J.: 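Can you keep this structure in mind? I'll have questions shortly.
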2 protein chains.
Amino acid sequence: MKSEKISELTTSRLSVYLRCLNQLAADGERTVSSEGLAKKFHLNSAQIRKDLAYFGEFGVRGVGYYVDELRDHLTKILGLDRPHNLTIVGAGRLGTALADYYRAAQSNFAVAAMFDADPAKIGTLVGKVEVFDIKNFPEIAERYNIDVAVIAVPAEFAPAVLQQITVSGIKAIMNFAPVPLKAPENVKLKTVDLTISLEGLAYFLAQPSPQNGQRR
Amino acid sequence: MKSEKISELTTSRLSVYLRCLNQLAADGERTVSSEGLAKKFHLNSAQIRKDLAYFGEFGVRGVGYYVDELRDHLTKILGLDRPHNLTIVGAGRLGTALADYYRAAQSNFAVAAMFDADPAKIGTLVGKVEVFDIKNFPEIAERYNIDVAVIAVPAEFAPAVLQQITVSGIKAIMNFAPVPLKAPENVKLKTVDLTISLEGLAYFLAQPSPQNGQRR
DNA sequence: CCTCGCTAGTTCAATTTTTCACAAATAGCC
DNA sequence: GGCTATTTGTGAAAAATTGAACTAGCGAGG
């Protein structure tokens with residue numbers, strides 16, 4: 001166990017490992033080796049061991065990892081051992097779908113509030129979550145103790161929304177607007193661009209290399 | 001211009017560049033330098049030049065890049081100069097939201113068909129797109145000339161769906177199910193895991209480093 | 001026509017990330 | 001109790017990615 005700073009690639013793999021462990025636990029497995037995990041989930045065993053070793057010595061040589069124990073460790077490392085209050089800014093199709101998605105996914109993220117600028121949407125409920133006026137963001141965010149915000153507004157409004165979120169002191173933001181945003185120093189901003197991912201597929205299809213009869 | 005194989009990191013940046021160029025074009029800019037692009041969109045100019053250089057010499061020294069021209073090049077490189085027919089498997093909340101999202105985003109991806117296993121959903125319309133029985137996937141995919149499939153079903157069904165998609169000869173797949181999948185050799189599979197992205201934020205919040213008074 | 005300023009393309013160095021390979025450690029067995 | 005099967009944790013090599021520095025080419029202005 002070192003005390004270097006951990007790469008984001010590593011931490012997102014930790015999430016994957018946690019998923020895998022959950023499945024193993026559901027299947028009744030008590031222990032698993034890095035090699036076993038790797039085989040079953042198409043991962044690399046050396047990488048699993050190294051990723052885990054950044055945080056401690058969780059395994060037992062000759063045995064592997066105790067599924068439940070490692071699961072607890074990862075849960076704690078990822079900060080999933082306590083609840084998070086989420087807000088989704090933008091109550092359009094994507095925003096409401098995300099709200100439903102995160103609500104359904106049983107997890108430690110609770111969708112506590114939504115925001116929009118459209119008077120027709122303000123005051124309505126999405127699931128059981130109220131849609132508030134974006135103008136009141138700071139106050140409502142405070143009231144609901146929001147610690148994670150999701151941006152699901154059209155690209156042109158995203159910078160302004162980001163601004164409002166950061167001035168409210170929220171430090172973790174996930175952005176679905178297809179625009180490059182820049183967050184202040186101590187704020188974590190992750191952008192997931194649904195279009196870019198698709199374009200990566202288009203690029204792949206445009207390559208001559210897979211010269212088999214793929215559909216176009 | 002080399003003829004190495006291009007990294008996925010590079011190609012996804014090309015998508016970003018294309019976005020930026022579209023905005024510049026909308027703003028009426030005729031030319032832009034790598035430095036100008038970098039400054040404006042929080043990128044690295046050397047990386048821009050290098051990424052572009054993999055595909056040709058698109059710039060003019062002393063001037064920069066002609067916005068329209070570079071846009072055309074990138075569009076072609078990314079295979080966006082011809083239409084793609086998309087299908088979304090899973091007509092639940094996420095699937096329908098994605099269908100709406102991709103339909104609204106004016107792009108070369110047309111949502112041509114949706115699939116589900118639920119008899120209550122089969123035959124209904126999402127937007128103007130029909131939901132078909134997943135059992136008929138190969139036939140319908142053929143009929144609509146589908147070349148990209150999106151998996152938006154619960155994790156436990158994802159492997160079976162992937163199987164059905166690949167046997168139909170579709171080579172480009174985007175997966176939203178939170179489960180590690182393994183695609184055949186010549187098939188491009190991209191997984192976007194909405195939960196993992198959130199967990200990355202939770203990890204960030206769990207770190208002691210940003211020792212300011214963030215909300216928890 | 002030459003010079004100067006600017007900027008692309010390219011090479012090279014630095015950094016990051018992945019992978020390999022092995023010593024150290026543990027449990028089970030004889 | 002020692003031996004053997006495993007399997008971790010890790011140091012070092014390899015690969016990939018990024019970033020900086022340099023070279024060469026273009027256009028404008030005199």
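All chains are named by letter (A, B, ...) in the order of the sequence lines, taking the proteins before the strands, and each is independently numbered beginning at 1. As the structure is a computational prediction, the values presented were derived from the model and not from experiment.
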J.: Rounded to whole angstrom units, what separation is found between the CD1 atom of B:I48 and the C1' atom of C:dG9?
T.: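 It works out to 14 Å between those atoms.
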J.: State which of C:dT17, D:dA20, C:dG9 makes the closest approach to the side chain of A:S7.
T.: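 Closest of the options to the side chain of A:S7: C:dT17.
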J.: Of the nucleotides C:dG9, C:dT19, C:dA23, which has the atom closest to the A:R61 side chain?
T.: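 Nucleotide nearest to A:R61's side chain: C:dA23.
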J.: Report which part of the nucleic acid B:L9 touches: base, sugar-phosphate, or nothing (heavy-atom distance under 4.0 Å, all strands).
T.: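 Sugar-phosphate contact only.
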J.: Determine: side-chain N/O of A:Y65 to OP1/OP2 of D:dG9, distance under 4.0 Å, yes or no.
T.: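 A:Y65 to D:dG9 OP1/OP2: side-chain N or O found under 4.0 Å.
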J.: Does A:R71, at its CZ atom, have more than 12 non-hydrogen atoms belonging to other residues, nucleotides or ligands within less than 6.0 Å?
T.: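 Check passes, neighbour count above 12.
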J.: Are a donor atom and an acceptor atom from the side chains of A:H84 and A:N108 found within less than 3.5 Å of each other?
T.: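 Absent: no donor and acceptor within the cut-off.
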J.: State which of D:dT10, D:dT18, C:dA8 makes the closest approach to the side chain of A:R49.
T.: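 So the side chain of A:R49 is nearest to D:dT10.
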J.: Please name the residue in the list A:V150, A:V153, A:D116 that meets the side chain to side chain contact (heavy atoms under 4.5 Å, CB included) test with A:V89.
T.: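 In the set A:V150, A:V153, A:D116, the residue that makes a side chain to side chain contact (heavy atoms under 4.5 Å, CB included) with A:V89 is A:V153.
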J.: Find the distance B:F58:CZ to D:dG25:C1' and express it as a whole number of Å.
T.: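 Value for this atom pair: 18 Å.
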J.: Using both distances under 3.5 Å as the test, list the Watson-Crick or G-U wobble partner of C:dA13, or none.
T.: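 D:dT18 - that is the nucleotide pairing with C:dA13, both distances being under 3.5 Å.
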J.: Rounded to the nearest angstrom, tell me the gap between atom CD in B:E57 and atom P in D:dT23.
T.: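 It is 18 Å, rounded to the nearest whole Å.
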J.: For the pair made of NE2 in B:H42 and P in D:dT18, what is the distance, rounded to whole Å?
T.: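 The answer, rounded to whole Å, is 18 Å.
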J.: May I ask you to check whether over 12 heavy atoms, not counting those of A:R93, lie within 6.0 Å of atom CZ?
T.: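 No.
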J.: Side chain to side chain contact (heavy atoms under 4.5 Å, CB included) for A:L52 and A:L14? Distances and angles first, verdict last.
T.: CA-CA 8 Å; A:L52 295 177; A:L14 293 185; 4.1 Å; yes
J.: Can you tell me if the side-chain N/O atoms of B:R13 get under 4.0 Å from OP1 or OP2 in D:dT18?
T.: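 For D:dT18, OP1 or OP2 has a side-chain N or O of B:R13 closer than 4.0 Å.
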J.: Find the distance B:E35:CD to D:dA20:P and express it as a whole number of Å.
T.: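 Atom CD in B:E35 sits about 11 Å away from atom P in D:dA20.
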J.: Just how far, in rounded Å, is P of C:dA8 from OH of B:Y17?
T.: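 In whole Å, C:dA8 P lies 12 Å from B:Y17 OH.
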J.: Could you state the atom-to-atom distance from CD of B:Q47 to C1' of C:dA14 in whole Å?
T.: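 Value for this atom pair: 14 Å.
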J.: Let's go through B:R19 and A:E199 carefully: what are the C-alpha distance in whole Å and the side-chain angles of both, what is the deciding distance for salt bridge (Lys or Arg N to Asp or Glu O under 4.0 Å) to 0.1 Å, and is it a yes or a no?
T.: CA-CA 11 Å; B:R19 282 281 173 64; A:E199 289 178 356; 5.1 Å; no
J.: Under 4.0 Å between any heavy atoms, over every strand shown, what does A:T10 touch: base, sugar-phosphate, or nothing? Just pick one.
T.: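 Since no nucleic acid heavy atom lies under 4.0 Å of A:T10, the category is nothing.
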J.: With DNA chain D as reference, determine whether B:G62 or A:K50 sits nearer its 5' end, using the nearest nucleotide of each.
T.: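 That would be A:K50.
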J.: More 5' along DNA chain C: A:A46 or B:L52, using each one's nearest nucleotide?
T.: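 Going by which nucleotide is closer to the 5' end, it is B:L52.
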J.: Let me know the distance between CZ of A:R30 and P of D:dT7, rounded to the nearest Å.
T.: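 So the two atoms are 17 Å apart, to the nearest Å.
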J.: Answer yes or no: does a side-chain N or O of B:Y66 lie under 4.0 Å from OP1 or OP2 of D:dC26?
T.: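 No.
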J.: Which way is the base of D:dA13 turned, syn or anti, if we draw the line at 90° from 0?
T.: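 For D:dA13, whose glycosidic angle is more than 90° from 0, the conformation is anti.
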J.: In Watson-Crick or G-U wobble terms, both distances under 3.5 Å, what is the partner of D:dA5?
T.: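 D:dA5 is unpaired by these criteria.
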J.: Does a nitrogen or oxygen in the side chain of A:S34 sit under 4.0 Å from OP1 or OP2 of D:dT7?
T.: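 So the side-chain polar atoms of A:S34 never come under 4.0 Å of the phosphate oxygens OP1 or OP2 of D:dT7.
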